[in-house]
Amino acid sequence: MRVSKRASGAIAVGAAFALVATGCSSGSGTEEETGNSGDGAIVIDGTEPENPLIPASTTETGGGAIVDWMWTGLVEYPNDGSAPRNAVAESIETKDSKVYTIKIKQNTKFHDGTVVKAKNFVDAWNWGAYGPNGAQNSSFFADIAGFADVNSVDPDGPDGPQKAPEPKAKTMSGLKVIDDWTFEVTLAAPTAVFPTKLGYSTFMPLPDAFFTQSAEAFGKKPIGNGPVRFVSWENNVAIKLTRFDDYALRDKMKIKDVTVKIYQEDTAAYSDLVSNNLDFQQQVPASALAGDKWKTDLGERAVSATIPSTGIIAWPIYDKRFQNPKLRRAVSLAINRQEITDKIFFGNRKPADSWANPLTPGAQPGNCTACQLNVEEAKKLLAEAGGFQGEMVFYYNADASHKEWMEAVAQQVKTNLGINARAEGVPTFAVFRQNINGHKMKGPYRAGWQQDYPDVENWINPLYVTGGSSNDGLYSNPTVDALAKEASGAPSIEASHAKFAEAVKQIDQDVPSMPIYFQLQQSGRSDKIKKLELTNVGELDITSIEL
Amino acid sequence: MGRYLLRRLLQLVPVFIGTTFLIYWLVWSVPGDPFAGKCGDRRCPDVYVNMMTEKYQLDKPIWVQYATYMKNLFQGDFGTTFNNRAVGDIIATAYPNTLKLAVVALAIEAIIGLGAGVLTGLRRNGFLDNLVLVSTLFLIALPVFVVGFVLQWLFGVQWQIVKPTVSSDMPFTELIVPGFVLGSASMAYVARVARTSIAENRRADYVRTAIAKGLPMRRVVGVHLLRNSLIPVVTLLGTDLGALMGGAIITEGIFGINGIGREALRAIVTKQSSTVVSIVVVLVLVYLLMNLLVDLLYAALDPRIRYE
């Protein structure tokens, strides 16, 4: 099983900005249907969602795509990767980046016909943040004041026998409903990027019906507020969706029915795609990439896309042997990224040259000086660091295709620096993650990061700030922490981006991890689809499809 | 006969308990925390891990888990998966699919394999005999996934005679190619065993007698020769149904069939012990019952065999 950390999604296309700005509920003006789109049906490829379909509990790609189609959030992310814009939100206002007043558009509807009100957001967020509900995305609510009160600390960690006590409060103090269409969010600390986060699936509203039944029962027949409505879910076979005709926002569906067919093997889906039995596959299998076979197979039906996802090798900085930044930089400079993307990935990935993926707003391309191949410099730095004793093992999970490129990295380090390096596979992703979570890695290990929401903040705070949610190597630098804190609390997004750029300069000197490649995506469509767009993270934009 | 049957059925009990415990213990021994990799490259919240660990009793010793599982099993409850699907439902939907595929494979094995075996056993060393010998050798040597991919590509993608993958309602016509793939290796064995067996018995006294009596050739082969020669073939086919059901993982993957092989693999990888055990329970039962059926068929084929 492959678990990929899912990305944010957005349902956005074109520039129907005027419609958003007028905040209308009579959004029937921009419908243009070509051919037989109106009652058209398509079959696309998918994987079985791991959890019931609840936005705050969905972390994997299979369920994530469906959640993104079924819900529309306060803001949405344009497909071209530009800054987020309002969707359900009428306006999001703040004076100090700490207290936000959010007005929503009036009379948009959930799929069960009830109206989306301010309290549907507040209730949903409180549910997601409340510790005992065990929502997998709960940490996204940590910005909001009172988050600590709805969670309790397990006295002996998750492995210990003791249970966490009941949290102090049931709801977060930072959320206040003003009226049906307005609510106020107070954050624990100023956070400039907060409005950007609001398009992430965790922040979706939940209808009143959610709170009258168990979360699991709801998740099997979910009710959203997006352009697509849930029809049925046959486990491991298919999920059927259809157009929500009462949808009043900009991005209405042009076609009618969507069947997400669940494949166990991407090669089976690919065979269906080639013979036009399947209308869309997001990522063609690795076996079709060699020698660009997929382009010959699919012809003009091949769709290439760049996505904001980076392949990384992380350092376990808690291990004494890897605490010298000069050593880490030396190793990074000894890796020939171009050769790896050319020879191992056949040009289907790009060598990484910046810390945050350059597709992300606020990210600066080419700012990773540690990503350039410079063997002389690397040798010098290694000598200054006092060399490296013993074996340097590069770890990867062997249940996905990482063996080849990790072995190439180890070989380059061995050849260029004379370090006794090799790559070793850990049998499963579960064991791999268990070791990482437990801070038991004994050498650099492969990691990956795909943005949750389009802002450079998402590439710094979780990964390189002390205590960050995915700072698994326990990297800690007071300068970076201070700059990132300033950046997060900056009065404007521009000021925030400028500060993050300074933080990145420091990170670039410390090399807490090594960006290796930028991900490209190779999708395919059937002859039936005349037009389609991909979202900013490479998912199918279901509302863009025309037949 | 009755006492024999009873004894055989009673033997099922210890085998059943032994296999289920062994499987439970093995799944438990697979390293890795089932919830460590659940949230991708991000650590899962502690509350979530705690909640799941408690719900599935993963903090309890293995025999407590096993005992609870068995207790529930006897009340008809197979347990639930980590995403809260009833394992009973999974078995109810996936087993018939795999069984359907296995039956098609078995039919192909029996018809083509046996047909080729009888033909070549009767006319040895001819062109046909050599053709069958070479082609069966070829099938045995090729791994299942090679046969699968090649046939899928040829029939499904290149010539577009069939759909490359099987639709969810699984019509029999779409199962012919996957059935052939699944049964191909066994089909080759059946052909070879049948050929040898027929060839040996062809020279037996009772066949010579039957021919000397002037019986028509069809009757000699169909009734006298075939009946005796079928015993090893039936053994092979019988145990094969169990093997086909368990061994369908690759074929199901290639042709996108939602069967038990895929479910078992998925459950092993995600350490869902109750799902693995439940699937294996049914598999063990199929194996044991098929073995029993094969043993009983011997008597029908050869009246000299008696059961005591």
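Chain letters run A, B, ... following the sequence lines, proteins first, then strands; residues in each count from 1. Since the model is a prediction, treat every value here as computed from it, not as a measurement.
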Heavy-atom count check: over 12 atoms from other residues, nucleotides or ligands less than 6.0 Å from Phe138(B) CZ?
no

**Asked** Does a side-chain heavy-atom distance below 4.5 Å link Trp153(B) with Val274(A)?
**Response** no

Quiz item: So does Tyr189(B) have more than 12 non-hydrogen atoms from other groups sitting under 6.0 Å from OH?
Solution: no

Honestly, the part of Ala135(A) sitting under 4.5 Å from a heavy atom of chain B is backbone

Charged N to carboxylate O below 4.0 Å: is that the case for Glu216(A) and Lys55(B)?
yes

Would you indicate whether the side-chain heavy atoms of Glu48(A) and Arg85(B) approach each other to under 4.5 Å? yes

Whatever's closer than 4.5 Å to a heavy atom in chain B on Pro427(A) counts as neither

In terms of side-chain heavy atoms, does Ser271(A) have a donor or acceptor partner in Gln152(B) at a distance below 3.5 Å? yes

One should read off an interatomic distance between Trp159(B) CH2 and Ser275(A) OG, to the nearest 0.5 angstrom, of 15.0 Å

Heavy-atom closest pair (Val166(B) atom, Lys261(A) atom, distance to 0.1 Å) is O-NZ, 4.1 Å

Scanning both residues in full, the closest heavy-atom pair of Pro164(B) with Asn277(A) reads CD-ND2, 3.0 Å

Honestly, the part of Gln158(B) sitting under 4.5 Å from a heavy atom of chain A is neither

When Asn133(A), Asn51(A), Asn137(A) are each screened for side-chain contact (heavy atoms from CB on, under 4.5 Å) with Tyr48(B), the one that passes is Asn51(A)

For Lys220(A), does the NZ atom sit with more than 12 other heavy atoms under 6.0 Å from it, leaving out its own atoms?
-> yes

Q: Could you tell me whether Arg262(B) and Glu265(A) make a salt bridge, using a distance below 4.0 angstrom between a side-chain N and a carboxylate O?
A: yes

In Thr93(B), Asn258(B), Ile90(B), the residue satisfying side-chain contact (heavy atoms from CB on, under 4.5 Å) with Asn236(A) is Asn258(B)

Under 4.5 Å to a heavy atom of chain A? For Phe35(B) that would be neither

